[in-house]
J.: 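What follows is a single structure, and I will ask about it in a moment.
Letters go in sequence order (proteins before strands), and every chain restarts at 1.
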Protein chains: 2
Amino acid sequence: MTTTTQGFATIQQRDLVNQIADMLTEALLKGEFSPGVHLSEAQLARDFGVSRAPVREAARLLESRGMLVSQPRRGFFVRTFNADELDDVYDLRLCLERHAVRLLAGKLTAEMEAALSHQLETMRQVARDGTAVQQIEEDVAFHRMLCEFSGNQRLVRVFDELCHEMRFCILLIGQLYDDAMRVADTHEPILEALRTRSPDAGEAALDYHIGVAQQRVVEMFRERTQG
Amino acid sequence: MTTTTQGFATIQQRDLVNQIADMLTEALLKGEFSPGVHLSEAQLARDFGVSRAPVREAARLLESRGMLVSQPRRGFFVRTFNADELDDVYDLRLCLERHAVRLLAGKLTAEMEAALSHQLETMRQVARDGTAVQQIEEDVAFHRMLCEFSGNQRLVRVFDELCHEMRFCILLIGQLYDDAMRVADTHEPILEALRTRSPDAGEAALDYHIGVAQQRVVEMFRERTQG
DNA sequence: AATTTTCAAACTGTCGACACTCGACAGTCG
DNA sequence: CGACTGTCGAGTGTCGACAGTTTGAAAATT
């Protein structure tokens, strides 16, 4: 017990770029910037009390995540979504998860099943006493597990990108989850299909589950933005 | 006809960032940098004759495309691929294209069919008298059409990302396409299935077509990198 | 009044500079 | 001889500054 550094977590040297990116992301998800609005590098730099360089890089990072768009010599603007684009995102997400479930059905281990069951329980818990944001996050976490357990890491990366965009739109809508418990329960058939190693049943359960969400969210988004 | 700029292509005010990103991309695809090697911002800036700022941003751009990776305080490194990751890319690509074909089978127009036929003809032509790079590009163009015609723009974006990575790996292998004409011909069944509006046949044709490519490319890549 | 022109403020693209950090190498001490 | 320490060079993170561009509004013209 002399000079061992055992037990110390490596302090993460979070540079300004990531900090700014996180703060910007949070602000965007909280809806503090209207879609399409111009974001001035100089203004943001002043607000954050830093120079423009890290702000630029953070903005570029958010651009690559599809939350901002840039025009040469004009700067960065908050990404605007229309309902069709959101529909595309859901469509693609379903495509990915169907594939993940197909893969997963053939290789589900006991650990994976336990993790998914546990996550389902967490979802039910936050459905009782959790915020809407928590409910969304735990929901996403379940679906992310499906992707992770599929074994295709590249698929997970795309899923994460899509989730960023879905979160962005969902938070733009405002309230959601009128009945979080019912939503949580509709994940059960997916897990059940996996337990029986049935890819077809898994796909069907997913089709239903995500299809419902897609219809609701896109519809609400369309009303909220068009009307 | 006084001061109209009609007819002139709008001068691409291509900023340094994009120019540098393109040059870096080209250099990477030509294999001028070994995977895993460190790229010094200062050195690149000197080489390009610019300051470090645009180099940094270009590097971040390539990082978002998965061609570079960065470590805090260490800088940028050329992305290393292993065969498993490449396998994931092909797996995901197949997933996307299956979906695209499924969507496309239900909405193929005469224009789309003509475009695909034309592209197939182009492929056969470069198979006779074209370079390997051309053959790859025209091949990719065909598959990209499938994605575009599916109507899901988000899917196209992911497809493009995956193509970047596949190109990266394929160029790393060296030669490919021993029989480009035969490869071109194996696209015919896909188009044929679309003509008969049969999503199942389309998927099957794709499964075969891409599966063969996946096996060959991943296998060659494994030999080339492991051995 | 409507439209064009002018003009200044704000902003972006790019640059050079400085501080801090990381990795290597040599030197020191046990 | 081996492990630790101090130093040095290279490189990244961040900053402030300058030049050219865009924007929006005031001013001028029709």
J.: Does a side-chain N or O of His38(A) approach OP1 or OP2 of dG24(D) to a distance below 4.0 Å, or not?
T.: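 So the side-chain polar atoms of His38(A) never come under 4.0 Å of the phosphate oxygens OP1 or OP2 of dG24(D).
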J.: For dC11(C) and Arg46(A) - does any side-chain N or O of the residue sit under 4.0 Å from the phosphate oxygens OP1/OP2?
T.: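 Yes, because at least one side-chain N or O of Arg46(A) sits under 4.0 Å from OP1 or OP2 of dC11(C).
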J.: Once you round it to whole Å, what is the distance between P of dG13(C) and CZ of Arg60(A)?
T.: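 After rounding, the reported distance stands at 7 Å.
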J.: Kindly say whether Glu138(A) contributes a backbone atom to a donor-acceptor pair with the side chain of Gln119(A) at under 3.5 angstrom?
T.: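 Pair found, side chain donor or acceptor close to backbone of Glu138(A).
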J.: Round to the nearest Å and state the distance from Arg52(B) atom CZ to dA10(D) atom P.
T.: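 Those two atoms, CZ and P, are 15 Å apart.
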J.: Any N or O donor-acceptor pair under 3.5 Å from the base of dG23(C) to the side chain of Arg74(B)?
T.: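 Answer no: no donor N or O sits under 3.5 Å from an acceptor.
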J.: May I have the distance from Glu57(B) (atom CD) to dT12(D) (atom P), rounded to whole angstrom?
T.: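 So the CD-P distance, Glu57(B) to dT12(D), works out to 15 Å.
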J.: Whole angstrom is fine here: how far is it from CZ in Phe76(B) over to C1' in dG13(D)?
T.: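 After rounding, the gap between these two atoms is 11 Å.
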J.: In this structure, how many angstroms lie between the C1' atom of dA10(C) and the CG atom of Leu44(A), rounded?
T.: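 The distance from CG of Leu44(A) to C1' of dA10(C) comes to 14 Å, rounded to the nearest Å.
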J.: With DNA chain D as reference, determine whether Ser51(A) or Leu39(B) sits nearer its 5' end, using the nearest nucleotide of each.
T.: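 This one resolves to Leu39(B).
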J.: Is there a side-chain polar atom (N or O) of Arg73(A) under 4.0 Å from OP1 or OP2 of dG13(C)?
T.: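 The answer is no; no side-chain N or O of Arg73(A) sits under 4.0 Å from OP1 or OP2.
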J.: Have Gln135(A) and Asp139(A) got a donor and an acceptor in their side chains that come within less than 3.5 Å?
T.: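 No, no side-chain donor-acceptor pair sits under 3.5 Å.
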J.: Expressed as a whole number of angstroms, how long is the span from Glu41(B):CD to dA17(C):C1'?
T.: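 Rounding to the nearest Å, CD of Glu41(B) and C1' of dA17(C) are 15 Å apart.
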J.: To the nearest Å, how far apart are Phe77(A) CZ and dT22(D) C1'?
T.: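 Distance, rounded to whole Å: 10 Å.
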J.: Side chain of Pro54(A) only, please: which of dG13(C), dC15(D), dG11(D) is the nearest?
T.: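 Of the candidates, dC15(D) comes closest.
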J.: So for atom NE2, which belongs to His118(B), do other residues, nucleotides or ligands contribute more than 12 heavy atoms lying within a distance under 6.0 Å?
T.: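 Not buried by this count: 12 neighbours or fewer within 6.0 Å.
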J.: Going by an N to O cut-off under 4.0 Å, is there a salt bridge joining Glu161(B) and Arg154(A)?
T.: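 Answer for the salt bridge query: yes.
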J.: Tell me, please, which residues at least two apart from Val212(A) pass side chain to side chain contact (heavy atoms under 4.5 Å, CB included).
T.: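 Partners of Val212(A) under the side chain to side chain contact (heavy atoms under 4.5 Å, CB included) test: Tyr208(A).
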J.: In whole angstrom, what separates Arg56(A)'s CZ from dC15(C)'s C1'?
T.: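 Whole-Å distance recorded here is 12 Å.
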